[in-house]
Structure formats: structure tokens, C-alpha cells
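Heads up, the thing below is written out as C-alpha cells.
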Protein chains: 2
Amino acid sequence: MDTPLREPTFLILTALAGAPLHGYGLIREVAALSDGRVTLRPGTLYGALDRLVDAGLVDVDREEVVDGRLRRYYCLSPVGDATLAAETERLRRNVEAATARLRERAHAARPATPRAAGGLA
Amino acid sequence: MDTPLREPTFLILTALAGAPLHGYGLIREVAALSDGRVTLRPGTLYGALDRLVDAGLVDVDREEVVDGRLRRYYCLSPVGDATLAAETERLRRNVEAATARLRERAHAARPATPRAAGGLA
DNA sequence: CTTCTATGTGTCGGCCACCGTAATACCTTC
DNA sequence: GAAGGTATTACGGTGGCCGACACATAGAAG
């Protein structure tokens with residue numbers, strides 16, 4: 001799990017950082033906090049949950065039985081909390097680096113600054 | 001290529017947003033802008049470059065021959081520029097969502113702020 | 001001279017997270 | 001009783017990344 005988190009996994013941890021949720025609730029919460037851009041598939045969700053529990057980033061909070069069906073709630077472990085914080089910091093640095101370069105690029109492409117703009121032709 | 005970019009690919013585009021670079025220069029540039037956390041392997045680098053050129057996000061800028069060996073420079077295409085900008089925005093939203101939830105969490109765990117901290121119990 | 005390290009590009013096999021889909025099961029609504 | 005939302009589980013496929021290797025040149029170290 002030292003691999004950088006992919007987006008679905010990152011969003012699962014982010015959703016669980018707010019409150020314990022069960023699988024189907026996670027699908028809706030992730031859709032909500034990504035403005036509908038990310039829709040978790042069952043294969044992604046439960047596969048990720050198994051991995052995260054196995055890695056100790058997520059714990060099983062409790063299990064309820066509603067209408068004869070099992071409903072398992074997951075919550076973020078302290079390790080998961082720290083991992084999410086570290087991962088967020090890493091992403092923040094990447095975003096800042098990319099933003100800085102894109103900004104320089106916009107300046108170079110738009111010679112609105114009169115100084116030394118049109119070198120050639 | 002509608003899959004969200006993984007970290008190595010994202011950093012390659014970010015590096016190319018600064019200036020055209022050849023393969024080995026990319027390895028060093030990515031290492032620099034990630035503070036040494038990401039070291040591109042040849043398999044990752046050239047595989048990614050082939051994909052990016054094929055997808056139209058990266059163009060071959062020019063080819064030089066130094067000491068009898070080919071040195072190929074790559075640069076970011078307009079499509080790659082737009083993709084990197086969109087990807088950066090997506091990451092920024094994810095970072096903000098995670099940061100907000102982590103902050104709420106820290107407040108809940110540490111009721112050090114006397115005002116309206118412990119709502120329950 | 002040989003060996004090691006750095007520069008530099010390229011290929012191949014394998015892993016694993018994610019995806020797509022279907023199956024299962026209960027309840028409510030039409 | 002067919003349809004649709006809730007909820008979990010299982011399985012095969014795809015694709016990006018990694019690890020290791022191959023090849024070539026040049027300078028430093030032994």
C-alpha cells in the first residue's frame with residue numbers, strides 16, 4: 001500500500017473521514033463529493049474495501065441487519081487518517097507544481113506584457 | 001485516455017509544461033519537482049511517452065544527435081496543456097474535499113476549542 | 001587495461017488496481 | 001408479478017506501472 005492511492009480509493013477514504021458508512025452509502029457519498037464525476041462500481045468498491053481493511057487503513061465499524069440483509073459499516077482507522085493526510089499533502093504539492101508551470105506557460109503564450117514579446121518573424 | 005492520470009504521467013506532463021525535455025532530462029526533472037519522491041523507471045517513462053504521443057497530449061519537439069546517439073525532445077501539445085489543466089483542477093477539488101473533512105475530524109477528536117466543541121455526551 | 005559510474009534510449013514480462021457485468025436477495029411500488 | 005431501488009459478492013478483462021535487462025558512449029577510478 002505504499003503505492004500512491006488512485007482516485008477511487010482516495011475518495012473512499014475521504015468519504016469515510018466524514019462519517020462511518022456502509023458500502024452502498026459510500027457509492028452515494030463519493031458521487032456527492034465528486035459532483036457526480038465518479039460513480040463507484042461494486043467491483044471497485046468492495047475490492048478496495050477488502051484491500052483497505054487488509055492494509056489496516058479502514059476498520060469495520062459495526063454490522064447491522066436491516067430487513068434480513070447484512071449492512072456493514074466501515075470507518076477510517078488512525079492509520080488511514082494519517083495516510084489520507086499524507087496523500088492529500090502529496091497531491092497538494094503536485095497541484096501546486098502543475099499550477100505554477102501552467103501559469104508561466106500562459107504568460108509565455110500570451111505576450112500581453114509588452115516587454116520582449118515577439119522575438120521572431 | 002479518459003482515465004484519470006496516474007502520478008508518473010501527471011508529473012511527466014507537468015515537467016513538459018515547463019520546457020521541452022528529452023527522456024533522461026524528464027527523469028531528473030520529475031525527481032526534482034517531486035523532491036526526489038518519484039523516480040521514473042525507463043519502462044514507465046518510455047511507455048508513458050509512447051501513450052501520450054499516441055493520444056496527442058505530447059508531441060516530438062525535435063531530435064538531436066549527440067555523440068552519435070539520438071536524443072529526442074518532447075513537448076506538451078495544446079491538448080496536453082488543456083488536459084493537464086483539467087486534471088489539475090480535478091485534483092484540486094479532491095484535495096479540498098479531503099482537507100475539509102480532515103479538519104472537521106481534527107476538531108472532533110480534539111475538543112480543545114472550548115466553544116461548541118463537544119456537542120454530544 | 002579493466003571496471004565502475006553516469007548518461008541515454010529501448011524492450012519484455014508480470015503485477016495489481018480498477019472496471020464492467022452479472023448473480024443473489026429483499027422490499028416497495030405499479 | 002414485473003419493475004426498480006437497496007445492498008453485497010464474484011469473476012474476467014484491461015491497462016498503467018514496475019523491475020529487470022540490453023545496448024552504447026564517455027570519463028573516472030582501480
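Since the structure is predicted, the reported quantities are computational estimates derived from the model, not experimental observations. Throughout, protein chains are lettered first and strands after them, A, B, ... in sequence-line order, and every chain is numbered starting at 1.
Side-chain atoms of Thr44(B) do not come within 3.5 Å of backbone N or O of Leu40(B) as any donor-acceptor pair. A donor-acceptor pair under 3.5 Å links the side-chain atoms of Arg41(A) to the main chain of Thr39(A), judged by distance alone.
The phosphate of dT6(D) has OP1 or OP2 within less than 4.0 Å of a side-chain N or O from Arg28(A). In terms of phosphate contacts, Arg72(A) brings a side-chain nitrogen or oxygen within less than 4.0 Å of OP1 or OP2 of dT9(D). An OP1 or OP2 oxygen of dT8(D) is reached within less than 4.0 angstrom by no side-chain nitrogen or oxygen of His22(A). For dG10(C), the OP1/OP2 oxygens have no side-chain nitrogen or oxygen of Tyr46(B) closer than 4.0 Å. OP1 or OP2 of dA17(C) has not a single side-chain nitrogen or oxygen of Thr9(A) nearer than 4.0 Å.
Between Arg93(A) and Glu96(A) there is no salt bridge, since no side-chain N of the basic residue sits under 4.0 Å from a carboxylate O of the acidic one.
Checking dC18(C), dT8(D), dC17(D) against every side-chain atom of Pro42(A), the shortest atom distance belongs to dT8(D). Of the listed nucleotides (dT7(C), dA7(D), dC19(C)), dC19(C) has the atom at the smallest distance from the side chain of Thr44(A).
The only option from Leu11(B), Leu84(B), Val30(B), Leu21(B) that meets the side-chain contact (heavy atoms from CB on, under 4.5 Å) definition with Leu16(B) turns out to be Leu21(B). Ile12(A) pairs with exactly one of Leu57(A), Leu26(A), Leu76(A) by the side-chain contact (heavy atoms from CB on, under 4.5 Å) rule, that one being Leu26(A).
Distance, Ile27(A) CD1 to dT9(D) C1': 12 Å, rounded to whole Å. The distance from atom CZ of Arg41(A) to atom P of dT8(D) is 17 Å, rounded to the nearest whole Å. To the nearest angstrom, P of dC18(D) lies 10 Å from CZ of Arg6(A). Here the C1' atom of nucleotide dT8(D) and the CG atom of Leu40(A) are 14 Å apart, to the nearest Å. Between the P atom of dT21(C) and the CG atom of Leu45(A) lies a distance of 17 Å, rounded to the nearest Å. In this structure, Arg51(A) places its CZ atom 11 Å from P of dC16(C), rounding to the nearest Å. Distance Tyr24(A) OH to dT9(D) C1': 15 Å, rounded to the nearest Å. Rounded to whole Å, atom C1' of dT25(D) lies 12 Å from atom CZ of Arg71(B).
Gly43(A) comes within 4.0 angstrom of a base, heavy atoms only.
Residue whose closest nucleotide on DNA chain D sits further toward the 5' end, between Pro8(B) and Tyr73(A): Tyr73(A).
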